[in-house]
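Worksheet: one structure, shown below.
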Amino acid sequence: MLLHTKCNRWPGRGLRLGLGCLLLLVALRCEAQNLVPNPSFEVHDTCPWGYGFFSKPLFWDRWDQSPEYFHACAGDLGGIDSLLDVPWNGWTWQYAQDGEGYVGMACYLTDDFRELVGAPLLEPLVVGQTYYVSFWVNTATEGSYWEARWACNNQGILFTMQEHIWSGNTGAGPEFTPRNYAQVHHPTVLTDTANWTHVGGSFVADSAYQY
């Protein structure tokens with residue numbers, strides 16, 4: 001995703017952050033300063049070797065349940081790692097919009113089940129400053145193992161003051177109180193399985209958000 005300041009002058013600092021849906025999420029490169037680390041999920045310690053975000057892009061954590069990390073390098077490992085390959089993996093057939101990696105998340109299932117990811121910003125937002133944020137999404141389909149059949153609306157970006165890394169101890173729900181809003185979101189159902197859809201918008205920071 002991409003975020004930069006807007007105040008009737010040249011764009012200032014940029015930011016990208018991601019929370020998602022039964023979709024694939026990838027970040028957009030930014031010409032301004034980007035406040036989100038590893039925004040397109042390219043940098044990792046090891047190639048994805050197991051599902052459930054146990055192998056993950058650097059700086060990113062699961063904030064609820066078990067999102068997946070996909071990267072083209074996984075296909076070279078063999079075995080279960082092929083479920084995390086790009087372009088064909090256990091959930092979908094899709095090339096990355098940028099680079100060779102993306103993250104997959106379930107937007108919403110029964111019992112308020114969602115999969116979320118989060119990351120610390122490189123520096124806090126400035127209260128009163130207008131920021132622009134954007135990201136890319138694609139609805140999963142035609143996977144090699146699991147059948148993804150759903151699409152949803154309101155995929156978005158939520159900025160917070162605290163991190164909310166999920167420990168796995170709260171069943172179907174997150175360990176923080178779900179918010180019924182996001183600073184930037186897409187109100188309509190996104191069903192495109194062939195192309196990446198760009199989602200973006202601006203907001204005024206009302207807190208010095210750090211995540």
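These figures come from a predicted structure and were not determined experimentally.
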Which pair of heavy atoms, one from [X] and one from [Y], lies closest together, and at what distance?
{"X": "Ala208", "Y": "Met161", "answer": "O-SD, 3.3 Å"}
{"X": "Leu190", "Y": "Gln155", "answer": "CD1-OE1, 3.8 Å"}
{"X": "Val117", "Y": "Pro67", "answer": "CG1-CG, 3.5 Å"}
{"X": "Val86", "Y": "Glu100", "answer": "CG2-O, 3.7 Å"}
{"X": "Ser55", "Y": "Pro48", "answer": "OG-CA, 3.1 Å"}
{"X": "Phe135", "Y": "Gly156", "answer": "CZ-CA, 4.0 Å"}

Does the [X] side chain pair with the main chain of [Y], one donor and one acceptor, at a distance under 3.5 Å?
{"X": "Glu42", "Y": "Gly101", "value": "yes"}
{"X": "Thr141", "Y": "Thr193", "value": "no"}
{"X": "Asp98", "Y": "Ser40", "value": "no"}

To the nearest 0.5 Å, tell me how far [X] [atom1] sits from [Y] [atom2].
{"X": "Thr139", "Y": "Asn195", "atom1": "OG1", "atom2": "CG", "value": "11.0 Å"}
{"X": "Trp150", "Y": "Thr191", "atom1": "CH2", "atom2": "OG1", "value": "15.5 Å"}
{"X": "Asn38", "Y": "Lys56", "atom1": "CG", "atom2": "NZ", "value": "12.0 Å"}
{"X": "Asn34", "Y": "Leu122", "atom1": "CG", "atom2": "CG", "value": "7.0 Å"}
{"X": "Phe53", "Y": "Trp60", "atom1": "CZ", "atom2": "CH2", "value": "8.0 Å"}

**Asked** Hey, are Tyr211 and Asp61 close enough side-chain-wise for a donor-acceptor pair under 3.5 Å?
**Response**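 No.
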**Message:** Whether the Thr46 and His44 side chains hold a donor-acceptor pair (N or O, under 3.5 Å, no angle test) is what I'd like checked.
**Reply:** no
**Request:** Go through the steps to decide whether Gln97 and Asn138 satisfy the test side chain to side chain contact (heavy atoms under 4.5 Å, CB included), and finish with yes or no.
**Result:** CA-CA 9 Å; Gln97 194 278 332; Asn138 176 258; over 6 Å; no
**Within residues 189-202 or reaching into it, pairs that qualify as salt bridge (charged side-chain N to carboxylate O under 4.0 Å, His left out) - sequence neighbours excluded** =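 Residue pairs with at least one partner in residues 189-202: there are none.
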Under 4.5 Å between any side-chain heavy atoms of [X] and [Y], yes or no?
{"X": "Ser144", "Y": "Leu83", "value": "yes"}
{"X": "Leu84", "Y": "Asn89", "value": "no"}
{"X": "Gln94", "Y": "Pro87", "value": "no"}
{"X": "His185", "Y": "Asn154", "value": "yes"}

**Item:** By side-chain hydrogen bond (donor to acceptor under 3.5 Å, both in side chains) - contacts of Asp206 (at least two apart)
**Value:**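 Listed in chain order: Tyr209.
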**Item:** Which residues share a side-chain hydrogen bond (donor to acceptor under 3.5 Å, both in side chains) with Ser66, sequence neighbours left out
**Value:** Glu115
**Request:** Check step by step if side chain to side chain contact (heavy atoms under 4.5 Å, CB included) holds for Leu158 and Trp63.
**Result:** CA-CA 12 Å; Leu158 172 69; Trp63 279 26; 5.8 Å; no
**Item:** Whether Tyr102 and Phe70 hold their rings parallel, tilted or perpendicular, with breakpoints at 30° and 60°
**Value:** tilted
**Item:** Pairing residues for Tyr145 by the ring pair (Phe, Tyr, Trp, His ring centres under 6.0 Å) criterion, not counting sequence neighbours
**Value:** none
**Request:** Show your working on side chain to side chain contact (heavy atoms under 4.5 Å, CB included) between Trp136 and Thr197 and close with a plain yes or no.
**Result:** CA-CA 5 Å; Trp136 295 86; Thr197 299; 5.8 Å; no
**Asked** Glu142: what forms a side chain to side chain contact (heavy atoms under 4.5 Å, CB included) with it, not counting sequence neighbours?
**Response** none
**Same apolar cluster (I L V M F W Y, side chains within < 4.5 Å links), Ile157/Val126** =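 Both belong to a single hydrophobic cluster.
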**Prompt:** Between Phe159 and Tyr131, is a ring pair (Phe, Tyr, Trp, His ring centres under 6.0 Å) present by the stated rule, with each step listed?
**Reply:** CA-CA 11 Å; Phe159 294 88; Tyr131 292 87; 7.8 Å; no
**Asked** To which residues is Trp93 joined in a hydrophobic cluster, defined by side-chain heavy-atom contacts under 4.5 Å among Ile, Leu, Val, Met, Phe, Trp and Tyr, whether direct or through other members?
**Response**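 Trp93 shares its hydrophobic cluster with Trp88, Tyr95.
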